[in-house]
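Hydrogens, waters and symmetry mates are skipped; everything else that's a heavy atom, side chains included, is used. Since the structure is predicted, the reported quantities are computational estimates derived from the model, not experimental observations.
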Amino acid sequence: MNITAFVLSLLGIGLGAVVFGHLGVAAANRGEADSRGLGIAALVLGYLNLALVAFLALMYFGLVAMLFGTAAAVS
């Protein structure tokens, strides 16, 4: 699970990386899996990916709102 989480985080699939990262780190803490560090790295990258997507979505919708708000005020 940790390797899957890390690969998903490198591919930019943040939600999958976070889910598999938490499952993998929990399994590593119980002694059922290896590569705990890889799972933690996947969690960090996954959360950064989700934060970046949220930031870009806010910027996009803010820009769209600004453009349509300005266009409505001019006409």
Transitive ILVMFWY cluster of Val44 at side-chain heavy atoms under 4.5 Å: who else is in it?
->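 Once heavy-atom contacts under 4.5 Å are chained together, Val44 belongs with Leu48.
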
Considering non-hydrogen atoms only, spot the tightest contact between [X] and [Y] and give its length.
X: Ala28; Y: Asn2; value: CB-ND2, 4.3 Å
X: Ala17; Y: Gly46; value: CB-CA, 4.1 Å
X: Met1; Y: Gly24; value: CB-CA, 3.9 Å

Going from CZ on Phe55 to CG on Leu58, what distance comes out if it is rounded to the nearest 0.5 angstrom?
->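 The distance works out to 8.0 Å.
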
Point-to-point distance, once rounded to the nearest 0.5 Å, from CG of Leu11 to CG of Leu45 |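 CG of Leu45 is found 11.5 Å from CG of Leu11.
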
Residue list, side-chain contact (heavy atoms from CB on, under 4.5 Å) with [X], at least two apart or on another chain:
X: Leu52; answer: Leu56
X: Val19; answer: Leu23
X: Leu63; answer: Met66, Leu67

Out of curiosity, does [Y] fall in the hydrophobic cluster containing [X] (side-chain heavy atoms, cut-off under 4.5 Å, transitive links)?
X: Val25; Y: Leu10; answer: no
X: Val18; Y: Ile13; answer: no
X: Phe68; Y: Phe61; answer: yes

Result block: side-chain N/O donor-acceptor pairs under 3.5 angstrom for residues 33-41, not counting sequence neighbours:
residue: Arg36; atom: NE; partner: Asn29; partner atom: OD1; Å: 2.7

From CA spacing to verdict: side chain to side chain contact (heavy atoms under 4.5 Å, CB included), Ile3, Phe20 = CA-CA 9 Å; Ile3 294 171; Phe20 278 102; over 6 Å; no

Pairs where residues 2-23 contributes a residue and the test salt bridge (charged side-chain N to carboxylate O under 4.0 Å, His left out) is met, not counting sequence neighbours |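 Residue pairs passing salt bridge (charged side-chain N to carboxylate O under 4.0 Å, His left out), neighbours aside: none found.
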
